[in-house]
Each structure stands twice: as structure tokens, then as C-alpha cells.
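Contents: one structure, followed by commentary.
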There are 2 protein chains.
Amino acid sequence: MSKMTKKERFLATSLKLINEKGFKATTIRDLASSLNCEVANIYNYIDSKQSLLETYLFGISNEFHFAMDTIIDSKISSEEKLKLIIRTHIDLMVKKPYELALLVNEWRNLKEPKLSTFIAEKNTYENKVKTVIKEGMEQGVFRSLDLEIATFTFLSTLRWLHDKNTGYPIKMDPLEIEKQITQFVFSGLCID
Amino acid sequence: MSKMTKKERFLATSLKLINEKGFKATTIRDLASSLNCEVANIYNYIDSKQSLLETYLFGISNEFHFAMDTIIDSKISSEEKLKLIIRTHIDLMVKKPYELALLVNEWRNLKEPKLSTFIAEKNTYENKVKTVIKEGMEQGVFRSLDLEIATFTFLSTLRWLHDKNTGYPIKMDPLEIEKQITQFVFSGLCID
DNA sequence: GTCTATAATTCGATAGAC
DNA sequence: GTCTATCGAATTATAGAC
């Protein structure tokens with residue numbers, strides 16, 4: 001924390017507070033209070049409360065897309081691609097738990113036209129996952145489930161992570177989580 | 001819609017609007033506007049905006065607990081219990097999609113002491129699911145995964161439903177969703 | 001039950017001195 | 001960059017006439 005610039009310190013503190021209270025419920029006065037400064041000073045770091053949310057959300061969204069594009073372009077099997085997608089989500093949860101929680105919980109508070117842009121990015125991401133699963137089904141590696149349902153169900157298996165692991169230190173061992181979720185997704189709960 | 005009392009009509013309209021905009025972002029003026037009435041009239045139906053949220057959330061929470069208790073007490077296998085839990089979630093999604101979405105997205109906006117009560121109910125529910133999975137593991141029916149991770153991952157597989165199916169008519173066939181999710185949860189994605 | 005009017009508070013954001 | 005002070009708008013909620 002010591003080598004942070006003031007702006008970085010502000011961004012980190014705000015991110016945590018917004019996660020605890022929610023974006024709408026967190027006021028500029030709340031931010032100032034938790035930083036022990038005056039309301040007016042907040043505007044040294046940001047243009048508006050809205051732009052703060054945009055910075056967080058598009059930042060973490062870009063990280064997901066960057067990782068996903070690397071996975072999609074690599075010459076590995078569909079099964080390996082899906083494993084890497086799981087790993088990416090867990091990595092990002094470890095490195096940026098608050099941003100990840102914000103990504104899931106607060107994107108609805110974006111305003112147009114940023115909201116439409118975000119939703120488009122979100123859909124693009126889901127479609128990339130869908131493509132991986134579709135490939136796997138066509139190759140006979142994955143079970144032939146309904147593609148939409150399988151994709152959303154798969155993505156959901158990764159969506160509790162931020163909720164139960166927000167904050168430092170991460171409560172569960174990332175490698176163990178990865179192993180367990182991979183097993184759940186690939187083989188299911190039942191033995192037979 | 002025609003046989004609704006005015007209060008029922010108000011509750012249904014408000015529920016939909018709160019889901020679209022978010023609880024904090026939905027103002028009493030928004031509610032009045034969508035009902036073509038004045039702000040003051042809203043308070044014929046409710047005591048406060050906060051109590052409105054409480055009514056919705058504890059109502060749907062109770063329905064989940066009621067269904068869950070019936071399942072837990074029944075003399076069926078762990079596998080059948082888990083199947084019924086899946087079915088219950090899908091049933092409630094079909095019957096009360098907006099309440100279900102609210103349950104996931106807006107419970108953070110409760111205030112103390114209601115917030116603590118809600119969180120306790122939420123934890124109790126998760127623990128009931130956990131017990132079912134634990135039973136199945138002990139009986140050798142379910143794979144021996146980490147109990148916490150398995151429970152949260154399982155519950156998450158049911159958590160995209162409200163997101164992709166909010167509103168009427170339900171876009172996907174409930175029986176098909178049930179079949180597909182059950183297969184995903186029990187057998188996983190991979191063929192082998 | 002419905003309306004007009006308004007109270008009381010809180011919000012995001014800014015002006016201007018230092 | 002930091003402060004004091006404040007603006008203008010929006011918010012929940014109520015009073016009181018009809």
C-alpha cells in the first residue's frame with residue numbers, strides 16, 4: 001500500500017467500499033469519509049461518480065477478453081481450452097476479487113451509451129465460451145447438451161467465486177478450487 | 001391482470017420496474033409514473049420503500065425454505081432430493097421470475113436488522129443443500145469433492161436461470177431446462 | 001382513495017480562498 | 001492539492017383539502 005500514488009490509493013479504497021455497500025448506495029461523502037479527506041478532493045481523481053464505475057468495469061472486462069482471446073487462438077483441444085477458461089476466472093478472482101464482484105453485481109448501474117457497450121462485450125464473451133463448448137460437442141469430446149443451457153450453466157459454475165472469496169486473503173486455496181470445479185464441470189456429481 | 005386488487009397490481013408493477021432499474025435506482029416517482037398515479041398514492045399500499053423490498057425478499061425466501069423442508073423430510077435418496085431441488089428452482093423461476101431475480105440481485109439493499117435475518121436464512125438454505133450433498137457423498141452416490149465447493153458450484157448452476165428468463169413468457173421450455181441441468185450436474189460435460 | 005403542495009434530507013458537483 | 005461553503009437537483013415521505 002505504501003508505494004501507491006494517491007490516485008491508486010483512492011481507487012483501491014473506493015473499490016472496496018463500493019463492493020460492500022453497492023455502487024448506488026455508496027455516496028461521494030462515503031468515499032471522502034473512508035479516505036479521511038473532503039468531498040471536494042474526490043474530484044481531483046475522478047470526473048464523476050459514474051466515470052469511476054466505468055473505469056472499474058471496462059478495465060476488468062478487458063482483462064477477461066484479453067485472456068479469452070489468447071485461449072481461443074491457441075492450438076489446444078476444446079477440453080484444454082475449457083480448463084484454461086476455468087483457470088483464468090480463478091486467477092482473476094485471486095488477483096482482483098473486488099473488480100470481479102463489481103463486474104457481476106454492478107454493471108446494471110452503467111448509463112447509456114456505456115451500458116450498451118458493456119452488454120455487447122458481455123455477450124461477445126459468452127459467445128466465445130459457447131464456441132469452445134460447441135467445438136467440443138462436435139468433436140465428440142463433450143456431451144451433446146443444449147448449447148445455450150450448457151454454456152450458461154458452465155459460466156454459472158464460476159460465478160460464486162467472487163461472492164465467497166471477496167477480500168484478502170483469499171479464503172480457499174486457488175489450486176484446490178480449480179481442481180474441484182474442473183472435476184465438477186467435466187464429470188459431474190454422480191459416480192457411475 | 002383484471003381481477004387483481006389495486007394493491008396486487010401495484011406490487012406486480014413495482015416488482016417488474018425494480019427488476020429493470022434496480023431497487024436503489026427505482027424511485028417512488030418512477031413507481032407512481034408507471035402506475036399513472038401520484039406519488040402520495042403509493043403510500044396507500046406500503047409503509048415505506050424499504051418495506052416493499054422486505055415483502056418481496058422474505059416472501060420468496062419463505063417459498064424456497066418451504067419447498068426445501070418438504071424435500072429434506074421426504075424418504076427418498078440423496079440423488080432424488082437433489083433432482084427435486086433443481087426442479088424447485090426451475091418451478092419458482094417459471095412462477096415468480098421477478099422475485100427470483102430480486103432475491104439474487106437486491107438483498108444487499110436490505111437494512112439492519114432485516115439484512116442479518118435474511119443472510120441467516122440464506123445460510124440456512126445453503127446448509128440444507130450442503131447436507132443433502134454430504135449424505136450423497138457418504139453413501140457413495142456422489143463423488144467425494146470438497147463439500148463447500150461442490151455445494152456452491154451446484155447452487156450456482158441454478159443461478160443463471162433468472163437472468164436469462166426474466167419476464168413472460170419464459171423463453172426456454174422448463175422441462176427441457178430441468179433435464180439439461182440435471183444431466184450437467186450429475187454427469188458433467190465430458191463423455192467418457 | 002386521490003390530488004396538490006411541500007417538508008426535510010441527501011445527493012453529486014462546483015466555486016473560490018488558501 | 002486541500003479546505004470551507006454552498007448550489008441545484010433529486011429523494012422519501014407527509015399534511016391536508018377534496
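Note on naming: letters A, B, ... go to the chains in the order of the sequence lines (proteins, then strands), and numbering restarts at 1 for each one.
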Expressed as a whole number of angstroms, how long is the span from [X]:[atom1] to [N]:[atom2]?
X	N	atom1	atom2	result
A:Gln50	C:dA13	CD	P	8 Å
B:Leu52	D:dT11	CG	C1'	16 Å
B:Asn41	D:dT14	CG	C1'	13 Å
A:Phe10	D:dT2	CZ	P	12 Å
A:Leu35	D:dC3	CG	P	11 Å
A:Lys6	D:dT2	NZ	C1'	9 Å
A:Ile46	C:dT14	CD1	P	10 Å
B:Ile42	C:dC3	CD1	C1'	13 Å

| DNA chain D: B:Ser48 or A:Glu38, which has the more 5' nearest nucleotide? |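 So the residue in question is A:Glu38.
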
| field | Of the listed nucleotides D:dC3, C:dC3, C:dG1, the one nearest the side chain of A:Ala40 | value |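 Comparing D:dC3, C:dC3, C:dG1 against the side chain of A:Ala40, the answer is D:dC3.
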
| message | Using the side-chain heavy atoms of A:Asn44, tell me which of these nucleotides is nearest: C:dA13, D:dG1, C:dC3. | response |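 Within the option list, the nearest is D:dG1.
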
| request: Taking side chain to side chain contact (heavy atoms under 4.5 Å, CB included) as the test, write out the residues that go with B:Ser48, two or more places apart. | output: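 Testing B:Ser48 for side chain to side chain contact (heavy atoms under 4.5 Å, CB included), a comparison that skips the adjacent residues, returns B:Gln50, B:Ser51.
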
| Should A:Tyr43 be listed as having a side-chain N or O under 4.0 Å from OP1 or OP2 of D:dC3? |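 For A:Tyr43, the contact criterion (side-chain N or O under 4.0 Å from OP1 or OP2 of D:dC3) is not met.
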
| said: Any side-chain N or O of A:Lys49 below 4.0 angstrom from OP1/OP2 of C:dC11? | reply: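 It does not, given that no N or O in the side chain of A:Lys49 lies less than 4.0 Å from OP1 or OP2 of C:dC11.
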
| Under a single-linkage definition using a 4.5 Å side-chain heavy-atom cutoff for Ile, Leu, Val, Met, Phe, Trp and Tyr, are A:Leu161 and A:Leu175 assigned to the same hydrophobic cluster? |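 No, separate clusters.
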
| said: Can you list, in residue-number order, the parts of residues 20-32 of chain A that come under 4.0 Å of DNA chain D, counting heavy atoms only? | reply: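 Within this stretch, nothing sits under 4.0 Å of the strand.
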
| query | Should we say atom CG of A:Asp47 is surrounded by more than 12 heavy atoms from elsewhere, each under 6.0 Å from it? | reply |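 Not more than 12 within 6.0 Å, no.
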
| Is the shortest side-chain N to carboxylate O distance from A:Glu126 to A:Lys130 below 4.0 Å? |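 Looking at A:Lys130 together with A:Glu126, the answer is no, because their closest N to O distance does not fall below 4.0 Å.
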
| Under 6.0 Å between ring centres, would you say that holds for B:Tyr98 and B:His162? |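 Judged by ring-centre distance (under 6.0 Å), B:Tyr98 and B:His162 do not meet the cut-off.
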
| Where do A:Glu178 and A:Lys83 land on the salt bridge (charged side-chain N to carboxylate O under 4.0 Å, His left out) test, with the steps shown first? | CA-CA 9 Å; A:Glu178 181 184 332; A:Lys83 279 187 190 175; over 6 Å; no

| query | Going by atom types alone, do B:Glu38 and B:Asn41 pair a side-chain donor with an acceptor below 3.5 Å? | reply |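 No.
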
